[in-house]
Amino acid sequence: MPKITINIDNAKPFICDEELASIQKDILKIHDQIKKGEGAGSSFLGWLNTPSTTEYKLIEKINNTAEFIKDNSDIFISIGIGGSYLGAKAAIEFANHSFFNNLSQVDRNRPEIYFAGQNISSDYLSDLIDIIGNKRICINVISKSGTTLEPAVTFRILKELVEKRHGKDEAKKRIIVTTDKEKGALKKLAVEKGYTTFEIPDDVGGRFSVLTPVGLIPIAVSGINIEELINGASVYEKLTSDGNFQSNPASLYCAVRNLLYRKGKSTEILSSFHPSLHFLAEWWKQLAGESEGKNKSGIFPASVDFTTDLHSMGQWIQDGQRTIFETFLLINKSNREVKIPYLEDDQDGLNYIVGKSLDYVNDKAYKGTADAHKTGGVPNMSIILEDRSPNTLGQIFYFFEKAIAVSGYLQKVNPFDQPGVEFYKKNMFSLLGKPGA
């Protein structure tokens, strides 16, 4: 059952039906191209069928590994950067308790979960090691090659820590490796040491890999039902097989954002009204930015957290340059409800909303904001998620993957490469004195 709806009413004043009809034809052609496995980067289309082709034995192996980690560790660390980090982080923040690591061990019934290898900070890693203390630890290092600087350096340090803490033989059980099927430094090490190993599919790029073992292992460790997650993604795999707007909300989203881009709206702001969506927006920023930002063009992806940022960035959005459009990402139903209590002297003047839930107030804040921004010249649309379930999460992951892939082709770029990322690496390695750099 689809759990995502889209509302483009506040974008309609800025685009016309003829434009939508025209771009619909282009999107249908791209869908046909993708189905045939054609187009730039077509060797990286494995994510298209990941939900429907994920075998139960893989889910079972991941769940068994997660169960071992749960029973044998107090701290679990996922080591990765970019697509090897953001998807899992987004999922854990979306579907779990807002203060997951701060819950008691009894209430959480899971190890504390941390992420490393996404930066090169002495303070961050030292502080993380302080948190580990004398606790039992398991780690999952995620890298196709094993030589990406940030996770490789972090793994070198944390591997040594695990071996000192638990001994080299026991460490072999506590180090999980997600890497290339056949080659690379990390694969070689995993074979030598006998680590439990999971494969990164050859035909799935990092930013499209959340529904593979790259994302599924940390997600499973957090207690999220990964089978339900995959089932949700399968819903949108089927729903988006046809590029028609009437049946495919992802195509409609793709169409509107590209029509606005053609009119000079070069920045898309993903605005959420729920804290659990913060890292989903971070994941989306990498997905969109790395897929579209090429050939001196592409929609710039930005994000804000409302209502927090309404007291800061809200001013710029309302009255700043009119080069932006906005996509609101909303959750229809929270996990819990808090109502506003009665105060006898009404010193804060809020008795007029006594008995209303915080979600009720939040919804009015969203509607007031969306209307104000439209009036201020900011086209906006809304993507509404039914709830915070794993099924809904799987649907929105696939929704964005399909929409951004098609969007990249609309902008006539390869959505699956990232040549610009290599420039900083080349300069960095030269400055570090790497042999051959």
Ignoring hydrogens and angles, state whether a donor on the side chain of [X] or [Y] is under 3.5 Å from an acceptor on the partner side chain.
{"X": "Asn391", "Y": "Gln395", "result": "yes"}
{"X": "Thr327", "Y": "Arg257", "result": "no"}
{"X": "Thr392", "Y": "Ser389", "result": "yes"}

For [X] against [Y], the heavy-atom pair lying closest together:
{"X": "Ile81", "Y": "Pro151", "result": "CG2-CD, 4.1 Å"}
{"X": "Gly83", "Y": "Gln286", "result": "N-OE1, 3.2 Å"}
{"X": "Ala88", "Y": "Gly215", "result": "CB-O, 3.9 Å"}
{"X": "Ile79", "Y": "Phe155", "result": "CD1-CA, 4.0 Å"}
{"X": "Ile317", "Y": "Val378", "result": "O-CG2, 3.3 Å"}

Aromatic plane relationship, [Y] with [X] - under 30° parallel, 30 to 60° tilted, over 60° perpendicular:
{"X": "Tyr236", "Y": "Phe399", "answer": "perpendicular"}
{"X": "Phe328", "Y": "Phe306", "answer": "tilted"}
{"X": "Trp284", "Y": "Phe400", "answer": "tilted"}

Under 6.0 Å from the [atom1] atom of [X], do we count more than 12 heavy atoms belonging to anything else shown?
{"X": "Lys173", "atom1": "NZ", "value": "no"}
{"X": "Phe99", "atom1": "CZ", "value": "no"}
{"X": "Lys333", "atom1": "NZ", "value": "no"}
{"X": "Asp107", "atom1": "CG", "value": "yes"}
{"X": "Tyr124", "atom1": "OH", "value": "yes"}
{"X": "Glu192", "atom1": "CD", "value": "yes"}
{"X": "Glu55", "atom1": "CD", "value": "no"}
{"X": "Lys181", "atom1": "NZ", "value": "no"}

Determine yes or no for a side-chain-to-main-chain donor-acceptor pair under 3.5 angstrom, with [X] supplying the side chain and [Y] the backbone.
{"X": "Tyr409", "Y": "Ala40", "result": "yes"}
{"X": "Asn140", "Y": "Ser78", "result": "no"}
{"X": "Asp180", "Y": "Lys183", "result": "yes"}
{"X": "Asn231", "Y": "Glu227", "result": "yes"}
{"X": "Gln24", "Y": "Gly243", "result": "yes"}
{"X": "Ser234", "Y": "Ile230", "result": "yes"}
{"X": "Asp309", "Y": "Asp305", "result": "yes"}
{"X": "Arg108", "Y": "Ser222", "result": "no"}
{"X": "Thr179", "Y": "Ser143", "result": "yes"}
{"X": "Lys35", "Y": "Ser241", "result": "yes"}

> What do the steps show when you test Met381 against Leu252 for side-chain contact (heavy atoms from CB on, under 4.5 Å), and what is the final call?
Replying inline: CA-CA 10 Å; Met381 52 183 158; Leu252 183 57; over 6 Å; no
Residues [X] and [Y] bridged, charged N to O under 4.0 Å:
{"X": "Lys159", "Y": "Glu163", "answer": "yes"}
{"X": "Arg262", "Y": "Glu19", "answer": "no"}
{"X": "Glu282", "Y": "Lys285", "answer": "yes"}
{"X": "Asp359", "Y": "Arg336", "answer": "no"}

Point-to-point distance, once rounded to the nearest 0.5 Å, from [atom1] of [X] to [atom2] of [Y]:
{"X": "His166", "Y": "Asn72", "atom1": "NE2", "atom2": "CG", "result": "9.0 Å"}
{"X": "Ile396", "Y": "Lys3", "atom1": "CD1", "atom2": "NZ", "result": "13.0 Å"}
{"X": "Leu393", "Y": "Asn225", "atom1": "CG", "atom2": "CG", "result": "11.5 Å"}
{"X": "Ser84", "Y": "Gln118", "atom1": "OG", "atom2": "CD", "result": "11.5 Å"}
{"X": "Met428", "Y": "Lys434", "atom1": "CE", "atom2": "NZ", "result": "8.0 Å"}
{"X": "Asn101", "Y": "Ile131", "atom1": "CG", "atom2": "CD1", "result": "9.0 Å"}

> Going through the distances and angles, do Leu128 and Ile75 end up as a side-chain contact (heavy atoms from CB on, under 4.5 Å)?
Replying inline: CA-CA 10 Å; Leu128 179 56; Ile75 299 279; 5.6 Å; no
> Looking at Phe279, is Lys89 sitting on its ring face, NZ or CZ under 6.0 Å from the six-membered ring centre and within 45 degrees of the normal?
Replying inline: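 Yes - Lys89 lies over the ring of Phe279, closer than 6.0 Å to its centre and within 45° of its axis.
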> Would Glu18 and Ser22 satisfy side chain to side chain donor-acceptor pair (under 3.5 Å), going step by step from the backbone distance to the final call?
Replying inline: CA-CA 6 Å; Glu18 290 77 10; Ser22 177; over 6 Å; no
> Does the salt bridge (charged side-chain N to carboxylate O under 4.0 Å, His left out) test come out yes or no for Glu60 and Lys57, once each step is laid out?
Replying inline: CA-CA 5 Å; Glu60 187 175 38; Lys57 65 180 181 180; over 6 Å; no
>> side-chain contact (heavy atoms from CB on, under 4.5 Å) for Phe44 and Asn414? Distances and angles first, verdict last.
In response: CA-CA 10 Å; Phe44 285 93; Asn414 178 353; over 6 Å; no
>> One pair to check against side chain to side chain donor-acceptor pair (under 3.5 Å): Ser382 and Tyr366. What are the steps and the verdict?
In response: CA-CA 10 Å; Ser382 299; Tyr366 147 65; 2.7 Å; yes
>> Could you walk me through whether Asn258 and Asp26 satisfy the side-chain contact (heavy atoms from CB on, under 4.5 Å) test, starting with their C-alpha distance in whole Å, then the side-chain angles of each, then the deciding distance to 0.1 Å, before giving a yes or no?
In response: CA-CA 11 Å; Asn258 276 278; Asp26 294 334; over 6 Å; no
